[in-house]
Amino acid sequence: MKNLLEISQLSPHQIQSLLQQAYAFKQGKRADLSQHYAANLFYENSTRTRASFEIAARKLQLPILNLNSENSSEKKGETVEDSLLNLHAMGVNLMIIRHQEEGIQQRLAQRIPGVAIINAGDGVHAHPSQALLDLMTIYEIKPELESLKVAIIGNISHSRVANSFQCIAKSMGIGQLMLIAPPVWHPKTVHYGEVTDSLQQGIEQADVLICLRVQQERLQAEDQLDLSTYRNQYALTRETLKLAKKDAIIMHPGPVNRGVEIDSELVESSQSRILQQVQNGVFMRMAIMHHLLA
Ligand code: CP
């Protein structure tokens with residue numbers, strides 16, 4: 001593995017190996033990547049992913065730069081590609097890139113083969129490190145993947161998280177995956193799973209519930225939906241949670257809009273694994289960077 005661009009490039013064996021490495025880091029394994037240099041390049045907002053990669057790098061003794069597109073020379077007309085070529089010339093050999101343009105990391109990886117590139121989210125296409133940390137969290141609590149029913153609920157057509165999760169669920173043999181959304185947010189392409197507009201059918205007896213944020217910033221005129229209608233039909237509440245298994249776990253990639261896609265009391269409940277996902281994200285990102293550089 002030279003870059004991490006999307007889940008479909010990974011074999012089940014490589015995914016297993018990243019999981020094992022991430023659990024080892026969680027248990028205290030150490031590594032020294034101090035001879036390398038990394039850069040976080042985020043052209044879209046982020047709290048979790050950017051901080052998580054930075055903390056993961058620091059735990060690996062990997063020096064990391066945080067570049068903000070607002071203050072960079074791209075404001076003076078430099079292309080993203082030229083910025084990366086310059087950083088590479090200074091010695092940066094790992095770049096973590098989030099961008100609104102789908103596939104940009106793939107193009108940059110071909111253009112600058114001497115740099116390892118991690119896709120930290122490209123438009124509505126892919127978010128592979130999120131899928132890996134989601135799988136790590138599920139596997140930690142419910143390791144019998146082939147017997148699980150997992151439900152993803154929400155704005156699926158605009159979700160790179162849902163896309164990458166479908167790919168990892170297919171690769172790792174998760175038994176049943178339900179993609180629950182109002183018809184206007186059904187995915188155009190399904191990598192794995194069954195699409196339904198019925199919350200009841202989708203989450204009945206589910207083991208894992210993954211709630212998605214309504215991505216207002218990506219909605220076009222034709223896929224706008226009244227939020228109170230959405231909430232009435234699709235929100236995860238104490239009542240709708242009763243449809244799932246009693247020991248179902250609640251996940252969310254964040255950022256959470258409390259009181260929209262999920263009630264605040266469920267975010268805080270004992271079934272919530274939302275902060276465990278965030279914690280695992282650091283260890284999974286250590287495993288990814290270690291795999292690419294060591
Ligand atoms: N899950 C996730 O990608 O969160 P951020 O947008 O805060 O990075």
Side-chain angles (χ1 to χ4, degrees), residues 4-7 18 22 38-59 64-70 94-105 117-140 150-169 179 185 187 208-219 236 249-258 260-262 266-267 272-289:
L4 178 63
L5 302 173
E6 50 183 283
I7 290 294
L18 285 169
N40 252 339
L41 296 136
F42 278 64
Y43 295 85
E44 269 188 2
N45 291 349
S46 170
T47 296
R48 278 147 291 273
T49 313
R50 181 164 57 178
S52 182
F53 271 112
E54 182 172 347
I55 290 168
R58 289 178 190 276
K59 280 175 175 274
I64 184 162
L65 296 172
N66 277 297
L67 277 121
N68 180 344
S69 59
E70 284 302 304
L94 172 68
M95 299 188 191
I96 302 135
I97 305 173
R98 172 172 287 188
H99 203 282
Q100 57 279 8
E101 184 186 326
E102 288 173 38
I104 191 170
Q105 294 88 348
I117 290 185
I118 297 175
N119 178 0
D122 58 330
V124 298
H125 173 234
H127 193 351
S129 64
Q130 180 72 42
L132 286 159
L133 74 88
D134 289 344
L135 180 73
M136 177 180 176
T137 307
I138 293 171
Y139 195 69
E140 210 167 29
V150 178
I152 306 184
I153 312 146
N155 192 196
I156 300 205
S157 58
H158 295 97
S159 177
R160 55 193 176 207
V161 172
N163 273 340
S164 289
F165 191 82
Q166 286 172 61
C167 296
I168 211 162
L179 306 171
W185 293 341
V208 178
L209 305 170
I210 303 177
C211 232
L212 300 175
R213 178 175 68 90
V214 177
Q215 299 187 54
Q216 298 281 2
E217 71 279 17
R218 299 196 202 277
L219 296 182
L236 203 54
I249 58 168
I250 299 168
M251 297 171 55
H252 194 308
V256 174
N257 285 166
R258 292 176 186 240
V260 181
E261 68 271 9
I262 183 168
L266 296 191
V267 176
S272 172
R273 292 291 180 270
I274 297 171
L275 291 179
Q276 189 172 337
Q277 287 174 268
V278 177
Q279 184 194 42
N280 283 341
V282 172
F283 301 112
M284 179 49 77
R285 286 166 176 136
M286 288 173 78
I288 294 166
M289 292 193 285

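First listed ligand is number 1; within each ligand, the first listed atom is number 1.
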Exercise for the section: Look at ligand 1 and say whether Glu44 reaches it with a heavy atom at a distance under 4.0 Å. Expected result: no
Practice task
Return yes or no for this condition: an N or O of Ser46 is under 3.5 Å from an N or O of ligand 1.
Solution key: yes
Handout entry: Pair His252-Gln277, side-chain donor/acceptor within less than 3.5 Å
Key = no
Exercise for the section: Find all atoms of ligand 1 within a distance of less than 4.0 Å from any non-hydrogen atom belonging to Gly254, and give their numbers and elements. Expected result: 1 (N), 2 (C), 4 (O)
Practice task
Report yes if some N/O of Pro253 lies less than 3.5 Å from some N/O of ligand 1; otherwise report no.
Solution key: yes
Handout entry: Check ion pair Arg50-Glu54 (N to O, under 4.0 angstrom)
Key = no
Handout entry: Asn163 side chain vs His125 backbone, donor-acceptor pair below 3.5 Å
Key = yes
Practice task
For Thr49, counting its heavy atoms only, list the atoms of ligand 1 lying under 4.0 Å from any of them.
Solution key: 2 (C), 3 (O), 4 (O), 5 (P), 8 (O)
Practice task
Quick one: closest heavy-atom pair of Ile156 and Ala162, and the distance?
Solution key: CG2-CB, 4.1 Å
Completion exercise
Looking at Thr47, Val256, Asn45, the heavy atom closest to atom 7 (O) of ligand 1 belongs to Thr47
Handout entry: Under 3.5 Å side-chain donor-acceptor pair for Ser52 and Arg285
Key = yes
Exercise for the section: Would you confirm whether Arg273, through its side chain, and Thr137, through its main-chain N or O, come within 3.5 Å as a donor-acceptor pair? Expected result: no
Exercise for the section: Name the option, out of Arg98, His252, Arg48, Gln130, that contains the heavy atom nearest to atom 3 (O) of ligand 1. Expected result: Arg98
Handout entry: Any Gly121 heavy atom less than 4.0 Å to ligand 1
Key = no
